[in-house]
Amino acid sequence: MKKASVILDKDYQIGPIDPRLYGSFIEHLGRAVYGGIYEPGHPQADELGFRRDVLEMVRRLGVPIVRYPGGNFVSGFNWEDSVGPRDQRPKRLDLAWFTTETNQVGLHEFCQWAKEAGSQVMYAVNLGTRGPEQARDIVEYANHKGGSKFSDMRIANGHKEPFDIKLWCLGNEMDGPWQMGRKTAYEYGRTANEAAKMMKWVDPSIQVVACGSSSSEMPTFGDWELTMLNECYENVDYVSLHRYYGNPTNDTPGFLARAMDMDEFIHTVVSVCDAVKGKKHSKKTVDLSFDEWNVWYHSNQQDEEIWKREKWGPALPLLEDVYNFEDALLVGSMLITLLRNADRVKVACLAQLVNVIAPIMTRNGGGCWAQTIFYPFMHASRYGRGVSLKTLVRTPTYDCKDYENVPLIDTTATLGDDGSISVFCVNRDLQEDFALDVDLRSFGQLRLAEHIVLHHDDVKAVNTEADPDNVKPAAGPGGTVDGGRAQIRIPALSWNVIRFEKP
Ligand code: AHR
């Protein structure tokens with residue numbers, strides 16, 4: 001058995017974990033909304049048409065904030081289409097995903113759903129085909145108490161109280177050629193600045209997220225952040241990051257190392273934000289919103305075929321990645337990476353939540369089930385609250401195609417409000433178990449409360465409606481705690497949660 005160790009200290013803290021680190025995302029895309037969270041006529045549908053079984057699964061995940069309504073979709077979206085009497089809402093061609101949007105779920109319905117899910121809404125405005133004026137209007141519609149054109153429209157549409165949406169995205173991926181109304185960094189920075197200013201004049205209590213690069217692979221990455229922040233730094237609160245990984249060459253060690261790329265991406269964006277801060281002699285710090293992250297590649301080919309067959313159909317089954325066990329391990333390492341950077345990453349959204357590259361799958365008229373990636377997210381969201389701890393990790397490493405010195409044991413830890421400690425750990429070793437020594441001496445007496453493990457002998461194992469529990473967490477081998485030192489056995493190729501509590 002190989003050996004690794006981690007030292008934790010109560011005074012050695014990264015900082016408080018913003019609960020919004022466990023956000024997710026619902027876009028008007030594929031079957032996320034229609035056939036996902038909403039399916040009137042389904043045996044589980046409530047009086048509004050929302051599926052109770054899906055809501056229950058979302059509550060299990062514990063998602064404090066949900067980004068909505070896009071995504072690429074938002075860059076051609078008119079928010080006015082999605083409010084008012086449903087039978088008068090227009091059907092529109094959605095040029096982002098080549099489908100037809102029926103607008104049967106809109107702002108009011110989604111806010112109601114989010115409330116039932118126990119989530120806040122993070123609302124994206126359209127800065128693609130539209131601009132600061134319409135962004136200002138929807139803030140007035142959603143958040144102003146009444147006595148003005150748009151707030152009175154909300155009241156007339158049946159919602160007297162403001163929706164009080166606190167976090168707003170200033171468009172989506174505005175650097176991408178695939179985006180409706182794509183802009184240069186300078187054009188976007190100017191537009192974002194004016195939109196942010198006007199939105200905050202309507203409601204000074206809101207926070208806004210400026211679009212960073214749509215991936216660290218973009219040729220404009222870095223320059224984009226620098227140029228656009230130069231134009232809008234003082235009026236924005238966060239910069240967005242988006243990143244998806246895949247394993248198309250079936251290289252498991254290389255795939256599992258991808259969290260290192262995520263870490264580098266975060267550090268680069270932090271550096272650019274702080275460079276602009278320094279250059280402007282600003283007192284204000286712009287933090288990060290990693291508002292799209294996940295594994296995404298399984299469904300690419302399938303989507304091309306769907307578009308060939310059914311372009312413009314409503315609720316096409318797009319981006320329906322079926323996640324396997326190794327995907328869950330990378331998602332675990334991505335969560336660990338977010339926790340390690342919790343001092344600067346204040347918001348993060350697993351993209352997405354239901355059916356579309358999602359932890360939760362549904363069948364129209366049928367059941368719903370948890371994909372493999374559901375579990376690491378649920379564990380981190382449930383146990384990774386409080387304070388993120390700095391860790392001193394000693395572990396053997398490996399080299400792969402794109403990275404050297406990849407830690408075989410990828411681990412971090414959190415300190416809960418009740419004094420409990422949660423250690424999250426991915427063993428990237430394909431063959432060998434590890435004996436992990438956890439030094440907890442500074443925390444006083446603790447007992448090993450639980451060791452949860454997600455493992456499957458087949459890295460390509462998946463969950464399906466017929467076999468929903470093929471990959472699911474189980475009790476781990478655990479270990480001993482003696483004199484503030486724990487010895488825990490970490491199985492080969494596994495995701496682990498080790499929880500220590502006061503006796
Ligand atoms: O999450 C799927 C898509 O990925 C989003 O619409 C877009 O923002 C990104 O490219």
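Position 1 is the first residue of the sequence; numbering continues from there. Note that ligands are numbered from 1 as they come in the structure, with each ligand's atoms numbered from 1 the same way. Bear in mind the structure is a predicted one, so any value in this text is a computation, not a measurement.
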Next on the checklist: Geometry only, no angles: is E27 polar-contacting ligand 1 at N/O separations under 3.5 Å?
Outcome noted: yes

Next on the checklist: Between ligand 1 and N172, is the shortest N or O to N or O distance under 3.5 Å?
Outcome noted: yes

Please determine whether a side-chain nitrogen of the Lys or Arg among [X] and [Y] lies less than 4.0 Å from a carboxylate oxygen of the Asp or Glu.
{"X": "R190", "Y": "E194", "value": "yes"}
{"X": "R92", "Y": "D81", "value": "yes"}
{"X": "E109", "Y": "R89", "value": "yes"}
{"X": "D261", "Y": "R243", "value": "yes"}
{"X": "D137", "Y": "R130", "value": "no"}

Check each of [options] against [atom] and report the one with the nearest heavy atom.
{"atom": "atom 3 (C) of ligand 1", "options": "E173, H28, E292, H242", "answer": "E292"}
{"atom": "atom 2 (C) of ligand 1", "options": "R67, Q352, Q179", "answer": "Q352"}
{"atom": "atom 1 (O) of ligand 1", "options": "Y244, W293, W178", "answer": "Y244"}

Side chain, backbone, both or neither: [X] near ligand 1, heavy atoms under 4.0 Å:
{"X": "V356", "value": "neither"}
{"X": "W97", "value": "side chain"}
{"X": "W296", "value": "side chain"}

Checklist entry - Looking at atom 7 (C) of ligand 1, what's its closest protein heavy atom, distance included? => result N72 OD1, 3.2 Å

Which of the atoms in ligand 1, numbered in the order shown and given with their element, are less than 4.0 Å from a heavy-atom of [X]?
{"X": "I357", "answer": "1 (O)"}
{"X": "G71", "answer": "5 (C), 6 (O), 8 (O)"}
{"X": "F25", "answer": "1 (O)"}

Checklist entry - Are F163 and Y123 near enough that their ring centres are under 6.0 Å apart? => result no

Checklist entry - Of D327, N250, N324, which is the lone residue that meets side-chain hydrogen bond (donor to acceptor under 3.5 Å, both in side chains) with K460? => result N250

Item to check | H242 side chain to D291 side chain, donor-acceptor N/O pair below 3.5 angstrom | outcome: yes

